[in-house]
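Have a look at the structure below before the remarks.
None of these values were measured; they are calculated from a predicted model. Here is the naming used below: chain letters follow the sequence lines, and residue numbers restart at 1 for every chain.
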Amino acid sequence: MEEIPESSSTLQKQTKLENLCKRAILNSRQENQGFLEVILRKKHIQYLLTGIRSLPSSFGSLDASRPWICYWILHGLEVLEGLPPASDPLYHDIVQFLARCQHPQGGFGGGPGQVPHLAPTYAAVSALSIIGTDEALGIIDRTRLRDFLYAMRTPEGAFRMQADGEVDVRGVYCAIDVASICGLMEPELVRGTADWILRCQTYEGGFGGAPGNEAHGGYTFCGVAGLCLLAGLCGCDDPNLVCGSHPEVDPFGGMSTLDIDALMGWLSRRQQTIEGGFSGRTNKLVDACYSFWQGGAAVVTTLLYRLLMSIPAWRDRVLMVDVPPLVMSAESAALSAERVAAGKEEARRRTEEGAVEAGRCQGEWLFDQRCLAEYIVRCCQSATGGVADKPEVPRDYYHTNYGLSGLALTQHCSETGVCLGRFRRSVDQTPGGKVNNHEDADAESEGWEEEEEVSGARNPEDLFMLHAVDPVFGLAPEKVDRAKAFFKAMPALPPRRV
Amino acid sequence: MAALTNRIIKETQRMAAEPTPGIVARPHEDNVRFFDVQLSGPDGSPYAGGVFHVELFLPSEYPMSPPKVRFLTKIYHPNIDRLGRICLDILKDKWSPALGIRAVLLSVQALLSAPNPDDPLPLDVAEHWRSDEAGAIAQENSPPRVRAANAAMWTPYHDRPEWADVTPLTQDDGPAPVVQIQYTPRFQEVMDYLRAIIQKGEISERALALTEDAIDCNSANYTIWAYRRVVLDGLRAEMQKELEFTENIITDTPKNYQVWYHRQWVVERLHDGSAELAFTQRMIEADSKNYHAWAHRQWAVATFGLWDHELVALEALIEADPRNNSAWNQRWFVVRSTCRLDEPALLAREVQYAQRYIQQAPNNESPWSYLRGLFSSKGVGSFARCPELEAWARQLSVRFPLCVHAVALLVDMAAQSRSPAALEQALTDCDGLAEGLDPIRAKYWRHKRMALLEPLLARALAARPKQDSGSSS
Ligand SMILES: [Zn+2]
């Protein structure tokens, strides 16, 4: 349908990858008799566990990211419900290692003796929250952590990654994430922060790393999750507190200049039509890690949208427009019917060739949850465990964690629709109970809920359901609750010496 | 999962049946297109006695295109770069399907005997071997790295008399370590000496040289870079030289946050950004969407006022690849920073620029995104500023009935204009998009449809004679 044949290098790479994915999807459908829900749970667990003690020398390039490796492995196991039992000495050893990464002046470094940096600080606090014991949470020096966070704050309200380092929206997210968990959120720390985040939203609708930079999935996640934390939306004690904890700054929880329509459009366009997974930027290739970054941002955005619409002033802004009466014409109906027919034919052809089966999924979130699951399961799972970025590249811990976290997002829904941190399995989803039958493709399916039940067909270790993931913190919801409760029960910190 | 050609199976079997001296190649258990290779350094070469870990990957076009081969063991060789990429003609333009895995490995081994300094590795080697994007790409399947012959070219610090006064400081991983990396002896020793120097707070030329060695081991270690800046400041070092150093590192690891930040720091110290446009241009030629290169370019353009030729440079990049969204974003940045979009002539120029590329390839999202942006809250805020746009989009949607972007733009326009005809068309269009044209975004289109309908419903509710309980939702 393109007017002029293109020699664009972007298009060539895209087409090549689409074909790879189509092949992987067709092969997987065949091998699994159409079943989608083949998660190699046991193998993923085995793979993750191989790295927790010792890593080969090729990991030298991650020597300043070791708390990240702890987090990727632990959270990957959490999602798989494959964490070792609480009695395992491993947890104590991880805590002791992270304690060695904590800097005497506050915050965590990428390894023992390294200077503190917001990224490993986020990873370490997350890993300690997964372990969740008093010992684990107790090693965090909150007073010094608060000093470190303030030291990273710029006058505008952004955060730099390290004392002498770059300022970007990753820094903002990491800082307010750990501040939320450790009970350190205070207006002074985040004054101006929401405005700075909003300056990173681009003309495309997504967020860049800093004002002016291109919209990008990782930064969009950081921006949206950051806004959500600033609005006091997550796990707030009072469900009526919908306007956020800083109403004095902005009646919309700091979001009056958020272009949420553009954001929703950009996020939904990041899901790739053929492959089903998300790309990180416009005209870039699909990548499994964006299952969580874009998928998580889409989940949070859906909830932000509901939240904003529940604020009467916002709702009025949207709805109080002058509405003319509608006139239906036969002409436009005919045009639309033609398009629907042509589109259906095109979609059928694509699916036959191996594209993901789009449009069969209802679900709660702004993207096609089923197609995303299909990409992760069929195109990215390694036969020996682990998840890769895309077909034909090697697996790694990072993509295993974020691929599986994204897959978990497709399986769970919010309970109330307003408060995050309370994620539940969709109704009727019991482990191993529901599997999709590909042969049934023509049925008017309502998505997961109505898929045909086939029992006893799969190995029990390949059960489909994963543990819920809180899309703002990237942790199991109960781990967020537990860590917050732990710090809340601690005596208040003395006022900061300035 | 992809189907394996007989060719690969045969070659693999033959290599197992007839081993070649000095070459061991094993396919990965989870991907038979990946081979772990151990190459012995040829006798009589500087590499004799060393065993090198090499990775070989057969792309899906193999044997029509050559295998991709890379050294995992660090090696000092004029035709092999820091990332292990090899400059060898049969891996590029001299490839022939008649060659095979064994022939390739023999040639690589021969290259160790006969380095070719006249043919050093070009900068733009295919991007298959990505650097440390998101710190994630480390390959965990490689066996523990063997002590390589490049030790012959590198003197350990404990054998250097000028370092005799320093006691290396080992890393404290505790009694029961986790995620412990099996460092190569060189990595470990360099870091042990660096820790000692940092602890002493030593500011010296040798400390500077040591940080360079450490950066060569792991350029993503931000602590090393921070200390290097302390040393550079302390020595009042020549920043021009440092600028060249950063270019070398960026060329090797172009997606490394630390070195890009470091370059910015150096340029700030120089108070001169005149080299940055040409520099980022080179990096963008190697990878047209390198996020760091574009962000750095924006920073340099804004900080040093280098706006004059930016639009012309971008036009060339967009012309070369109209799907390069980074270039479109940069155009937005330049136009927004230097022009008044309010001026009708300027707005028209930008609209026409996007339209030109849309007409060339109606499925290219980048110019659509740009066009929509012009009228978004970040642009002029209203489609009313360009009344002829609707007819243009409508005509395009008729000419290309499967073009989602055209219909999507019409829906956005209708949501704003609320003209009865457009609104009514938009409601059916949302159905069409959800049902047939764009099913993967079905939920988004249903959401859009609801958003279009909600004001109507709200008005209908408001117009209804008031009953006792009022409206519920
Ligand atoms: Zn990725």
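- For B:Tyr444, the parts sitting under 4.5 Å from any heavy atom of chain A are the backbone and the side chain alike.
- In terms of heavy atoms, B:Glu365 sits closest to A:Asn283 at N-ND2, 4.1 Å.
- With sequence neighbours excluded, the residues that form a side chain to side chain contact (heavy atoms under 4.5 Å, CB included) with B:Ser377 are A:Asp259.
- Of all the heavy atoms in A:Glu364 and B:Lys443, the pair that sits closest is N-NZ, 4.2 Å.
- If you measure heavy-atom distances from B:Glu61 to chain A, the contacts under 4.5 Å come from the side chain alone.
- The two atoms that bring A:Arg23 and B:Ser60 nearest to each other are NH2-CB, 4.0 Å, heavy atoms only.
- For B:Trp328, the parts lying near chain A are the backbone and the side chain together; criterion is any non-hydrogen pair under 4.5 Å.
- Atom CD of residue A:Gln114 and atom CE of residue B:Met191 lie 6.5 Å apart, to the nearest 0.5 angstrom.
- Of all the heavy atoms in A:Glu214 and B:Asn325, the pair that sits closest is OE2-ND2, 3.0 Å.
- For A:Tyr219, the part lying under 4.5 angstrom from a heavy atom of chain B is the side chain only.
- No cation-pi contact links B:Arg336 to A:Tyr203, judged by a cut-off of 6.0 Å to the six-membered ring centre and 45° from its axis.
- Counting non-hydrogen atoms of other residues, nucleotides and ligands closer than 6.0 Å to CD of B:Gln199 gives a total of 12 or fewer.
- Residues A:Asp164 and B:Tyr261 bring a donor and an acceptor atom of their side chains to less than 3.5 Å of each other.
- Between B:Gln188 atom CD and A:Ser57 atom OG the span is 11.5 Å, to the nearest 0.5 Å.
- Residue A:Glu338 does not touch chain B at all, counting heavy-atom pairs closer than 4.5 Å.
- Of the residues considered (A:Met161, A:Arg53, A:Lys16), A:Arg53 shows the highest number of contacts with chain B, using heavy-atom pairs under 4.5 Å.
- By the side chain to side chain contact (heavy atoms under 4.5 Å, CB included) test, A:Gln96 is found to be paired with A:His92, A:Arg100, A:Glu135, residues two or more places apart in sequence or in another chain being considered.
- Of the two parts of A:Pro211, only the backbone, made up of N, CA, C and O, holds a non-hydrogen atom closer than 4.5 Å to a non-hydrogen atom of chain B.
- Contact annotation for A:Ala262: neither backbone nor side-chain heavy atoms come within less than 4.5 Å of a heavy atom of chain B.
- Contact tally against chain B (heavy-atom pairs below 4.5 Å) for A:Ile73, A:Val115, A:Val340: the top residue is A:Val115.
- The candidate with the highest count of non-hydrogen atom pairs below 4.5 Å against chain B, out of A:Leu366, A:Thr50, A:Thr384, A:Leu267, is A:Thr384.
- Here the shortest heavy-atom pairing between B:Asn324 and A:Thr10 reads N-OG1, 4.5 Å.
- Considering only heavy-atom pairs separated by less than 4.5 Å from chain A, the leading option among B:Trp225, B:Tyr291, B:Trp294, B:Trp265 is B:Tyr291.
- A distance of 14.0 Å separates CD1 in B:Ile440 from CZ in A:Arg269, rounded to the nearest 0.5 Å.
- Of the listed residues (A:Arg348, A:Met264, A:Glu346), the one with the most heavy-atom contacts under 4.5 Å to chain B is A:Met264.
- If you measure heavy-atom distances from B:Gln171 to chain A, the contacts under 4.5 Å come from the side chain alone.
- Proximity to chain A is limited to the side chain of B:Gln298, based on heavy atoms less than 4.5 angstrom apart.
- If you measure heavy-atom distances from B:Tyr370 to chain A, the contacts under 4.5 Å come from both the backbone and the side chain.
- Within the 4.5 angstrom heavy-atom criterion, only side-chain atoms of B:Phe187, from C-beta onward, approach chain A.
- With no hydrogens or angles considered, no side-chain donor-acceptor pair links B:Tyr257 and A:Asp168 at under 3.5 Å.
- The shortest non-hydrogen separation linking B:Ala451 to A:Tyr305 is CB-OH, 4.5 Å.
- Neither the backbone nor the side chain of B:Val404 comes within contact range of chain A; no heavy atoms are under 4.5 Å apart.
- A donor-acceptor contact closer than 3.5 angstrom is absent between the side chains of B:Asn329 and A:Asn213.
- Atom OG of A:Ser65 and atom CD1 of B:Ile181 lie 8.5 Å apart (nearest 0.5 Å).
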